[in-house]
Amino acid sequence: HPPSSAARTSPWDLRSPSVGGAWAAFEGLVDAELGDQKTGVAELKRYLHRFGYLPSNLSDHRRVASRDGNNFTDAFDEVLESAVSLYQSKLGMAITGRLDGATVNQMMAPRCGVDDQNMRPQRRNSQR
Amino acid sequence: YAFFSGRPSWRRKAPVNLTYGFFPGNFIDYIPRAEVEAAFRRAFGRWAAVIPVSFVEVEEYWAADIKVGFHGGDHGDGEPFDGVLGVLAHAFSPENGRLHLDTAETWALDFEKEQSPVAVDLESVATHEIGHVLGLAHSPVKEAIMYPSLIPRKRKLKLHRDDVEGMQLLYGSNPHFRLDSLLASETSSAARIGNVVDV
């Protein structure tokens, strides 16, 4: 639905198509919950995987095989619910495991690329 | 505060002096280089004020301990940048020293001059990434410099007690640093908020 002018007055509104933002599509996932099958959940899983909240060794039925091994399905499963809880805890938010507005808003915000589980930079070091 | 796995830090004989240099290519052209360098000088200085570590800018990028660069897209470190917003920058844990900023962002030092709704404060991000280069991971404290996100057109320059305590666990305290000055400033902010609530 198109934005109303009243709701879109923030100068840095990440949901505005003119502003974009890599994770603007997450807005459509507000209130998605366990058991849902919703377009965009796979992208959210990729986000959570990238920042260290979803393990890379998920069983095959939870993700579609791909060359990079990171193509997730659109199913809101218990693993995602637990990843959302971990995300909320690491970001100092109320831990609900739900994709409430505050959580999705936080996920849409621009951020540092270092993961939140403190492992990736270590891996970079070993590559060096 | 949090540390990277294994709690790495720069292990040098005291006094610790670290050099930093700027990648010669890909420099952003809409902010004078001298102003970018000055912003980084202030960002490094913020951390140097709380720990016994000094930072010196050098011309020789490849020989510097800390290598600062503006890069876009896939730039060869396995962590490609993703265009406007999304990931703004990243850095590596000690003693790797690489600090990368996404050229696709609209970097700003002065929001009066830069009116873009997606402008990102360069000095705030530099201060955060230097925290990583020195060994701090992301903090869950929203007010801390080491909190992972920063919205456009927002400046966050002041070290929080959480940042200071974490960094001092890695390097010790700068003998000239006084924790009570930080606390006084926090108390004064709290008092101002209190006054507003009272009114």
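Each chain gets a letter, A, B and so on, in the order the sequences are listed, and its residues count up from 1.
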Can you tell me which of B:Val141, B:Asp82, B:Leu88 forms the most heavy-atom pairs within a distance under 4.5 Å of chain A? B:Leu88
Tell me the closest heavy-atom pair linking [X] and [Y], and the distance in Å.
{"X": "B:Tyr147", "Y": "A:Leu91", "result": "OH-O, 2.9 Å"}
{"X": "A:Ser89", "Y": "B:Pro140", "result": "O-CB, 4.3 Å"}
{"X": "B:Ala91", "Y": "A:Val114", "result": "O-CG2, 3.3 Å"}
{"X": "A:Trp23", "Y": "B:Val87", "result": "CH2-N, 3.6 Å"}

According to a hydrophobic-cluster definition based on side-chain heavy atoms being under 4.5 Å apart (Ile, Leu, Val, Met, Phe, Trp, Tyr only), do [X] and [Y] belong together?
{"X": "B:Leu170", "Y": "B:Leu99", "result": "yes"}
{"X": "B:Leu18", "Y": "B:Met167", "result": "yes"}
{"X": "B:Tyr171", "Y": "B:Ile130", "result": "yes"}
{"X": "B:Val36", "Y": "B:Tyr61", "result": "no"}
{"X": "A:Tyr87", "Y": "A:Ile95", "result": "no"}

Check B:Ser149, B:Pro152, B:Pro148 against A:Pro110 for a side-chain contact (heavy atoms from CB on, under 4.5 Å) and give me the one that passes. B:Pro152
Do other residues, nucleotides or ligands put more than 12 heavy atoms under 6.0 Å from B:Lys142 NZ? yes
Measure B:Ala2 against the heavy atoms of chain A and call it side chain, backbone, both or neither at under 4.5 Å. side chain
Answer with side chain, backbone, both or neither: which region of B:Glu105 has an atom nearer than 4.5 Å to a non-hydrogen atom of chain A? neither
Roughly how far, to the nearest 0.5 Å, is CZ of A:Arg111 from CG of B:Leu150? 12.0 Å
Atom pair CG (A:Asp115) and NE2 (B:His138), whose distance is rounded to the nearest 0.5 Å: 8.5 Å
Considering heavy atoms only, which positions within residues 41-48 of chain B lie below 4.5 Å of chain A? none
